[in-house]
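In this text, all values refer to a predicted model and were calculated from it rather than measured experimentally.
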Amino acid sequence: MRRVAIIGGGAIGSAIAYFLGADPTGEAFDITVVERDFSYRQASSALSASSIRQQFSTAINIEMSLYGIDFFRTLGETLRVGDDDAPDIGLVEPGYLYLASPADVDVLRENHATQKAHVVDVALLTPDELKARFPWLSTEGIALASLGLSGEGWYDGYSLLQAFRKKAVSQGVRYVQAQATGLQREGRRVTGVQLDGGDTLHADIVVNAAGAWAAPVARWAGIALPVHGRRRSVFSFSCPSTLPGCPLVIDTSGIWLRPEGRQFICGFAPPEDRDPDDAPLEVDHEAFENFIWPALAERIPAFEAVRMTGAWAGYYEMNVFDHNAILGLHPDCDNLYFANGFSGHGLQQCPAAGRGIAELIHFGGYRSLDLSPLSFARILENRPLREKNII
């Protein structure tokens, strides 16, 4: 029985653990997940805005999220444990609405053509059509918009993480609360994970699913990984007015917003190089006052009367090479698998990534969705697969 050590017990690591142990007719694995904090207070899975879309610019991201939405829709039965209640992540599908200025119309149309080629349920709207559908929205400066008609929305990321974890544990996966501090490497193989208590977790296979802390794990094996923890803030606010049919809106400024119960949350993608890795999770309140709120009030006049009700900060595990996940083996190491650099898309892509890494370990190759475009090869060969739609 091969021993598998997964560094990182968030949604990605737990999805890999689940898929690796889900097939009772296949090879059995001895799986241990190393997670430094069972409270997940700093985990991206718990601090994410927890949304899913198919409006990407690259085919592989579209395919991964199409699989993700299908998985989420049937998650209750798939991840149910015995006679327990079916897990519920509260999935809703009001769609994503991308707003484009005149300068961005060509890119929006290019993305739309890619999405339609992959059977994404999406429509382009003129300013008049946009105003008729969402009368609470100002169309000033908007030349075109793209609206997801189904398969896009949001959910509870922490509940998703816990559903994967609970199901994995029911399949015999062990979770160890410990800090990984190093890797033991012999030639082309990693033989163990060193833990902060002084113990070594011996393994035949190691998976780096360490999220924002993935680059140090790679360095322990002598591998450079272009993934950095970038702090981003999310703000919640209330508004006296309602916005009927409000989807997740991405403004021309790059700010996004969506309903959250009777309130709203909003934010924007963090700059690639603003913060050092592992920066303190402090909320950037000035960004809301000086940038976010003025832009939102201009786009949605009802937001002149908002009241901020809360805020939190979390990490994007930003792949600064091309904003896409890095999956699979590095050619210099035969048994260290990578599942990193999702750049804000990890929660929605964790079902596809988890299944893919499990297939690589089981069979030595992908059996369902071909994730090879996201391999390390593109980085080593300087062939970026750029995702244009980062929010």
Query raised in the report: Hey, what's the ring geometry for Phe288 with Phe237, parallel, tilted or perpendicular (30° and 60° as the breaks)?
Result: tilted
Can you find a heavy atom in the side chain of [X] that is under 4.5 Å from one in the side chain of [Y]?
X	Y	answer
Leu281	Leu47	yes
Trp293	Cys266	no
Asp70	Pro351	no
Lys166	Pro87	no
Leu147	Arg133	yes
Trp220	Val190	no
Val217	Asn340	no
Asn382	Phe321	yes

**Report entry** Val227 and Phe338: CA distance, side-chain angles, deciding distance, side chain to side chain contact (heavy atoms under 4.5 Å, CB included) verdict
**Finding:** CA-CA 11 Å; Val227 174; Phe338 292 82; over 6 Å; no
Quick check: are there more than 12 heavy atoms from other residues, nucleotides or ligands sitting under 6.0 Å from [atom1] of [X]?
X	atom1	value
Glu298	CD	no
Glu140	CD	no
Asp84	CG	yes
Arg174	CZ	yes

**Report entry** Spatial distance of atom CZ (Phe342) from atom SG (Cys350) [nearest 0.5 Å]
**Finding:** 8.5 Å
**Report entry** Atom pair OG1/CD of Thr191 and Glu186 - distance to nearest 0.5 Å
**Finding:**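 Reported value, rounded in 0.5 Å steps: 4.0 Å.
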Could you state whether [X] and [Y] fall into the same hydrophobic cluster, counting links through intermediate Ile, Leu, Val, Met, Phe, Trp or Tyr residues with side-chain heavy atoms under 4.5 angstrom apart?
X	Y	value
Met64	Val119	no
Leu329	Ile379	no
Ile326	Leu336	yes
Ile12	Val206	no
Val33	Ile16	yes

Query raised in the report: Donor-acceptor pair, Asn319 side chain versus Asn324 backbone, under 3.5 Å?
Result: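 The answer is yes, because a donor-acceptor pair under 3.5 Å joins these two groups.
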Query raised in the report: What pair of heavy atoms forms the shortest contact from Ser50 to Arg258, and how long is it?
Result: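 Looking at all heavy atoms of both residues, the closest pair is O-NH2, 4.4 Å.
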Query raised in the report: Taking all non-hydrogen atoms of both residues, which atom of Trp154 and which atom of Leu248 are closest, and how far apart?
Result: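 The pair with the smallest heavy-atom distance is CZ3-N, 3.6 Å.
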Requested in this report: Give the intermediate values and the outcome of side chain to side chain contact (heavy atoms under 4.5 Å, CB included) for residues His323 and Met318.
Outcome: CA-CA 6 Å; His323 298 143; Met318 186 72 77; 3.5 Å; yes
Query raised in the report: Using links of under 4.5 Å between side-chain heavy atoms of ILVMFWY residues, direct or through other members, which residues join Tyr67 in one cluster?
Result: Tyr18, Phe19, Ile52, Ile69, Phe71, Phe72, Leu75, Leu79, Ile89, Leu91, Tyr155, Leu160, Phe164, Leu347
Query - Donor on one side chain, acceptor on other, Asp128 and Thr126, under 3.5 Å - result: no
Query raised in the report: If you measure only the distance, is there a donor-acceptor pair under 3.5 Å linking the side chains of Glu387 and Ser343?
Result: no
Query raised in the report: Phe38 ring centre to Arg165 NZ or CZ under 6.0 Å, with the angle to the axis within 45°?
Result: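 Checked: cation-pi criterion met.
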Query raised in the report: So Trp256 and Tyr96, ring-ring contact (aromatic ring centres under 6.0 Å, His included) or not? Walk me through it.
Result: CA-CA 10 Å; Trp256 60 265; Tyr96 272 57; 9.0 Å; no
